[in-house]
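See below for the structure under consideration.
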Amino acid sequence: MTQAQAADLLNWYDRHARVMPWRVGPQDRAQGVRPDPYRVWLSEVMLQQTTVAAVRDYFHRFTARWPTVADLAGADDADVMGEWAGLGYYARARNLLKCARVVAHDLGGVFPDTRDGLMALPGIGPYTASAIASIAFNQPETVVDGNVERVMARLYDVHTPLPRAKPELTALAAALTPQNRPGDYAQAVMDLGATICTPRSPACGICPWRDPCVARTAGTAATLPKKEPKKPKPTRHGIVYVARRDDGAFLLERRPDKGLLGGMLGWPGSDWNDAPQPAPPLDADWRELPAQALHTFTHFHLRLTVMIATVGAQAQPQQGAFLPHATFRPSDLPTVMRKAFDLARPEFDNTP
DNA sequence: AAAACGTGGAC
DNA sequence: TGTCCAAGTTT
């Protein structure tokens, strides 16, 4: 019964698998081609809470610049954080480097091939460990991501809201996981969730699991999975200071590793709260821009007031350091800081 | 164990 | 415009 269901899904995957740069397709896989564990790991970390569309270009840039785990382990922290800029959840990038260095220096450059071994590494949790073990090492582990939760909730018409339903959905997913082709099966369920069993208006008519799906029969598919209500996001305020030196250098600071945007480059400024105190990083003739930078994080909205100033070569900052014009890439900034820069930049162009 | 942690696209 | 959501992990 369940074996037949798994076979139905694998047949569907053989015909409809999405093509992705880190993936070995079912045809090649059948010929014995194995995916590179480094690329599987890198893609899985990038894909945590992040869409395939957003990951593609980052994956290409990372693998072009650091083709192996040893290359990545030898990279400078600032270069890795800069390449990650814009992708979000920056703890992933810090843990990525930590993990690469453990694998390169302590494990001889070889990734563990078991779920437990993988889970011991920084930035690898239950989902990612199962994904790497099954996809890269063909271990019969069960992956449970948002797609799998949705597919299982519908297949068995589970109305318990998430995250409470997670253990139940995990058990249901495990019972379906076949012993053969575990990697293809894992990717097949996720492809099904991403292309057929979508959050809104699922395409039940062309679903390989149309017949056994309880929620489709009950007419509840589109309402599942249920979720606990979310808390409203408060709005916080902050002030950033964008100083441009005569020679084109900009005053930037490296944020501490802990906390929001940890380890990333940013403009010096105030704390972010209801009524931020001015905190200019150096004495200058600061001018407030008429427009604010608006940005929404996971748990709050932010309205950033942008102050700008042009300073001379003798300027001595109390916070941060001037980054030479030739060294500064705006693309190294996290998005909220790039938004502030996008407001400030034309002002410097207009008043050189 | 609840909260922190980013961003961009779809509707 | 606002809300939801995406191959979750850490503390």
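Throughout, protein chains are lettered first and strands after them, A, B, ... in sequence-line order, and every chain is numbered starting at 1. Basis for what follows: all heavy atoms, side chains included, without hydrogens, waters or symmetry-related copies.
Closest approach of A:Cys197 and A:Pro202 over heavy atoms only: CA-CB, 4.2 Å.
Taking 4.0 Å as the cut-off between side-chain N and carboxylate O, A:Asp332 and A:Arg329 count as a salt-bridged pair. Between A:Arg181 and A:Asp184, at least one side-chain N (NZ, or NE/NH1/NH2) sits under 4.0 Å from a carboxylate O, which counts as a salt bridge.
Under a cut-off of 6.0 angstrom, the local environment of CG in A:Asp271 is sparse, with at most 12 non-hydrogen atoms contributed by other residues, nucleotides or ligands.
Using a 4.0 Å heavy-atom cutoff across all strands shown, A:Thr296 reaches at least one base atom of the nucleic acid. Using a 4.0 Å heavy-atom cutoff across all strands shown, A:Ile124 reaches sugar-phosphate atoms only and no base atom. Within 4.0 Å of A:Gly86, counting heavy atoms only, lie sugar-phosphate atoms of the nucleic acid but no base atom. A:Met119 comes within 4.0 angstrom of no nucleic acid atom, judged by non-hydrogen atoms across all strands. Residue contacts shown for A:Trp84 are absent, as no nucleic acid heavy atom lies under 4.0 Å away. Among the atoms of the strands shown, only primed sugar atoms or phosphate atoms (P, OP1, OP2) are found under 4.0 Å from some heavy atom of A:Gly259.
Taking only side-chain nitrogens and oxygens, A:Thr335 comes nearer than 4.0 Å to OP1 or OP2 of B:dG8. Regarding contacts with the backbone of B:dG8, a side-chain N or O of A:Arg338 is found under 4.0 angstrom from either OP1 or OP2. Side-chain nitrogen and oxygen atoms of A:Lys230 include none within less than 4.0 Å of the OP1 or OP2 phosphate oxygen of C:dT3. Distances shorter than 4.0 Å separate some side-chain N or O of A:Gln49 from OP1 or OP2 on C:dG8.
The side chain of A:Ala194 has C:dA7 as its nearest neighbour among C:dA7, B:dC5, C:dT11. When distances run from any side-chain atom of A:His295 to the nucleotides C:dC5, B:dC5, B:dT7, the shortest one goes to B:dT7. Taking every side-chain heavy atom of A:Tyr89 into account, B:dG6 is the closest of B:dG6, C:dC5, C:dA7. With B:dT7, C:dA7, B:dC11 as the candidates, the nucleotide lying closest to the side chain of A:Arg200 is B:dC11. If you check C:dG8, C:dC5, B:dT7 against the side chain of A:Asp145, the one that comes closest is C:dG8.
Between the side chain of A:Thr51 and the base of B:dG8 there is no donor-acceptor pair of N/O atoms closer than 3.5 Å. Side-chain to base pairing of A:Arg150 with C:dA6: no donor and acceptor N or O lie closer than 3.5 Å to each other. Under 3.5 Å, the side chain of A:Tyr127 and the base of C:dG8 form no donor-acceptor pair of N or O atoms.
Rounding to whole angstrom units, NZ of residue A:Lys233 and C1' of B:dA3 are separated by 13 Å. Here the C1' atom of nucleotide C:dT9 and the CG atom of A:Leu121 are 13 Å apart, to the nearest Å. Summarising the geometry, the separation between CE on A:Met46 and C1' on C:dA6 is reported as 15 Å, rounded to the nearest angstrom. Rounding to whole angstrom units, CZ of residue A:Arg94 and P of B:dA4 are separated by 16 Å. In this entry the distance linking CE of A:Met264 with C1' of B:dC5 reads 13 Å, nearest Å. Counting to the nearest Å, the C1' atom of B:dC5 and the OH atom of A:Tyr90 are 11 Å from each other. Taking atom NE2 on A:His299 and atom P on B:dT7, their separation rounds to 12 Å, with Å as the unit. A:Leu162 places its CG atom 10 Å from the P atom of C:dC5, with the value rounded to the nearest Å.
A:Thr220 and A:Asp157 form a side-chain donor-acceptor contact under 3.5 Å, judged by distance and modelled atom types alone. Using modelled atom types, one finds a donor on one side chain and an acceptor on the other under 3.5 Å when comparing A:Ser130 with A:Arg115. Under 3.5 Å, the side chains of A:Arg23 and A:Gln187 contain a donor-acceptor pair of N or O atoms.
C:dC5 and B:dC5 have their C1' atoms separated by 16 Å, given to the nearest Å. If you take atom P in C:dA7 and the same atom in B:dA3, they sit 24 Å apart, rounded to whole Å. Distance noted for atom C1' between C:dT11 and B:dA1: 10 Å (whole Å). Atom name P, nucleotides B:dG8 and C:dT9: the rounded distance is 22 Å, in whole Å.
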